[in-house]
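Worksheet: the structure to be examined is printed underneath.
Chain naming here is simple, since letters A, B, ... match the order of the sequence lines and numbering starts at 1 in each.
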Amino acid sequence: MPTRFSLVLFALAGLSVVANDFFLVQIGAQAAILGLIALSLTVLAGWGGIVSLSQMTVAGIAGYSVALLGSNSAGLGFDLSMVIVVPSALAIGTVFGVLVGALAGRTSGIHTIMITLAVGVAVYFLANQNYTIFNGFTGYAGLEAPKIFGLDLRQPVPFFLLCGGLAAAGWALVSVIGRSPFGIGLIGVRDNARRLTALGYNVPAHRLMAHGLAAFLASVGGILLVWYNGRISPGTISVGPMIDILIIAVIGGMARPIGPFIGALLFVLLKTFAIDLVDPERFNTVIGLVFVIVVLVSRDGLLGLADRIRIPGLQRGADGETERP
Amino acid sequence: MTRQVAGHMDKAADNMRAPQGRASPALAIRRLGKNFEALRAVSDIDLEIGRGERHAILGPNGAGKTTLFNLVTGDLLPSSGTILLDGRDVTRLPTHLRIRSGLRRTYQKSLLFGSLTVEKNLFLAVSGVRGRRQALFPGRADKSLYEEAHRCAEQVYLTDMLDKTVDNLSYGQQRQLEIGMALVGEPHLLLFDEPAAGLSPTERTHLTDLLEQLPRDLSIGLIEHDLDIALKVADRVTIMQDGRILASGTPAEIVADEAVQRIYTGESHHG
């Protein structure tokens with residue numbers, strides 16, 4: 001694991017030297033960010049069998065926290081130092097995710113999907129109509145990544161390394177957790193919650209912890225997302241982006257933590273270059289077709305496909321999780 | 001096996017030092033009842049399983065045997081009555097806390113983690129009672145948990161199957177794993193719900209051997225349709241019918257009981 005992790009870091013550093021700014025930020029950083037948010041679904045859905053639609057909402061709550069607590073161009077908020085803003089945003093996003101988990105925890109399957117969808121839509125409309133916290137339809141602009149010790153994270157190369165590094169850290173973290181009693185137990189929650197209870201596990205607590213971990217990952221992604229866009233508005237957390245996260249996770253595969261990043265990369269590439277081939281408004285058709293094809297040919301996205309044709313380094317057991325979804 | 005025996009010998013020694021601990025039976029059920037709407041699945045049950053006692057519960061299908069087990073483990077909450085484990089009232093205690101205090105059970109229809117390997121299934125069972133249930137990161141402590149899981153696999157003849165995914169096991173192997181997962185830790189009271197269901201004659205012999213080899217001071221409740229297994233293993237036998245206890249006694253008394261003979265030689269032989 002440490003070798004693989006350092007290999008990834010070397011690859012990121014190498015990319016930052018050879019690739020141009022457009023690729024680093026528009027493709028690399030964006031895929032890393034969306035991958036991080038979708039990574040939360042590896043934990044929740046891939047392992048725990050909890051399909052949540054509100055992961056983009058969790059990310060958005062963390063993003064809005066950055067906007068409101070830090071400096072923005074709307075003249076609202078607290079203008080605190082990033083040293084306080086970032087940990088607070090992570091904490092707020094995580095607590096919000098745990099609350100959603102408490103709400104959805106007694107349900108399963110389609111009911112969980114409906115509750116998390118309802119939460120997401122409710123937060124969207126709240127953000128749209130509330131001007132004291134969310135600044136309504138306009139949202140917040142002028143949100144910038146900080147400078148750390150003179151290193152300007154707004155510059156393409158540092159920002160790419162920040163996003164890529166955090167994505168790699170998220171991947172490594174989730175890989176390690178997949179081998180822990182908690183991670184294996186989460187698969188137990190999905191396979192047979194009743195038996196897990198009969199082994200001494202507190203299943204509701206296990207689910208809540210999964211929501212917390214997932215919300216933390218999504219919050220990291222949410223903070224990076226506002227720095228990437230420089231702004232956040234209700235459109236960032238509307239139903240479209242909420243579903244995009246699920247699409248990314250399903251296309252990439254959720255059995256192992258590398259899947260969401262593969263899905264995010266494909267999603268971003270299609271979103272960026274499909275407009276050269278078809279009309280911009282036809283992007284949904286393209287991603288929809290890709291989605292249908294992937295779901296039809298593979299049980300678990302591109303990861304499942306990699307397992308079947310045995311791509312070195314991507315197959316089962318290569319990065320922690322060894323079980324199929 | 002040796003580890004379990006050793007664990008139980010420690011406990012036996014504790015009990016000798018504190019003889020008052022022996023006073024309360026492993027399981028005491030008082031006037032227990034469970035209604036599903038108008039159906040009285042279980043009513044007015046009084047039952048004790050003493051320390052080290054092996055208690056078979058027999059009866060035709062629908063007699064309420066599995067419901068009784070579900071009430072003891074907390075999978076169901078009773079409509080009336082009380083349940084005491086080792087003298088402690090657990091009637092309203094959640095299942096996972098009853099398990100942590102030494103209760104184990106197996107299910108009539110195997111409840112396993114189908115996408116995980118045999119090793120991971122047993123590992124989950126071990127870490128469930130060893131207090132590493134929510135450990136977020138793999139740690140040094142896991143090594144001894146895996147070792148315990150491997151010893152348990154040996155006990156139920158699954159050592160060669162450790163890396164196999166449970167969905168790929170044969171039916172008999174799944175039954176072995178089902179039992180193995182209930183043996184981990186130091187159980188006080190083990191409830192077996194038809195462990196022999198669907199097993200071949202050879203597998204039944206293995207199972208009987210396994211049950212007989214369990215430490216003598218371990219209390220056992222056993223639901224079994226196979227009279228040969230039940231009467232061979234049990235110290236006491238309780239017969240249930242229509243949610244009530246029909247008769248209770250030693251295997252010899254039960255075999256001689258006329259009411260029981262009517263059930264078991266009558267039209268509902270296999271229940």
Quiz item: Just by distance, do the side chain of Asn192(A) and the backbone of Phe113(B) share a donor-acceptor pair under 3.5 Å?
Solution: no
Nearest 0.5 angstrom please: [X] [atom1] to [Y] [atom2], how far?
{"X": "Gln134(B)", "Y": "Tyr201(A)", "atom1": "CD", "atom2": "OH", "result": "9.5 Å"}
{"X": "Asp191(A)", "Y": "Leu112(B)", "atom1": "CG", "atom2": "CG", "result": "9.5 Å"}
{"X": "Leu199(A)", "Y": "Ser127(B)", "atom1": "CG", "atom2": "OG", "result": "8.5 Å"}

Self-check item: Under 4.5 Å from a heavy atom of chain A, the part of Thr73(B) involved
Solution: neither
What are the two closest non-hydrogen atoms of [X] and [Y], and how far apart are they?
{"X": "Gly188(A)", "Y": "Leu116(B)", "value": "N-CD1, 4.4 Å"}
{"X": "Ile187(A)", "Y": "Ser115(B)", "value": "CG2-OG, 3.7 Å"}
{"X": "Gly200(A)", "Y": "Ile99(B)", "value": "N-CG2, 3.5 Å"}

Would you indicate whether [X], at its atom [atom1], is surrounded by more than 12 heavy atoms from other residues, nucleotides or ligands within a distance under 6.0 Å?
{"X": "Leu296(A)", "atom1": "CG", "answer": "yes"}
{"X": "His150(B)", "atom1": "NE2", "answer": "yes"}
{"X": "Phe69(B)", "atom1": "CZ", "answer": "yes"}
{"X": "Glu147(B)", "atom1": "CD", "answer": "yes"}

Exercise. Would you mind telling me which of Asn202(A), Thr197(A), Val203(A) has the largest number of heavy-atom pairs within less than 4.5 Å of chain B?
Key: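 The answer is Asn202(A).
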Quiz item: With chain B, which of Arg195(A), His206(A), Arg194(A) has the greatest number of heavy-atom pairs at distances under 4.5 Å?
Solution: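 Ranked by contacts with chain B, first place is Arg195(A).
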Quiz item: Which one of Gly131(B), Gly74(B), Ala135(B) has the most heavy-atom pairs closer than 4.5 Å to chain A?
Solution: Ala135(B)
Quiz item: Which residue out of Val126(B), Leu103(B), Asp75(B) racks up the most heavy-atom pairs below 4.5 Å with chain A?
Solution: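 Option with the top pair count is Asp75(B).
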Self-check item: Test salt bridge (charged side-chain N to carboxylate O under 4.0 Å, His left out) applied to Arg98(B) - qualifying residues, sequence neighbours left out
Solution: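 Arg98(B) satisfies salt bridge (charged side-chain N to carboxylate O under 4.0 Å, His left out) with no other residue.
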Quiz item: By number, which residues in residues 82-96 of chain B have some heavy atom less than 4.5 Å away from chain A?
Solution: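 Hits under 4.5 Å: Thr95(B), His96(B).
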Quiz item: Quick one: what part of Leu196(A) sits under 4.5 Å from any heavy atom of chain B, side chain, backbone, both or neither?
Solution: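 Its backbone and side chain both get close to chain B.
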Quiz item: If we ignore angles and hydrogens, is there a donor and acceptor under 3.5 Å between the side chains of Arg132(B) and Ser180(A)?
Solution: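 Looking only at side-chain atoms, Ser180(A) and Arg132(B) do not form any donor-acceptor pair under 3.5 Å.
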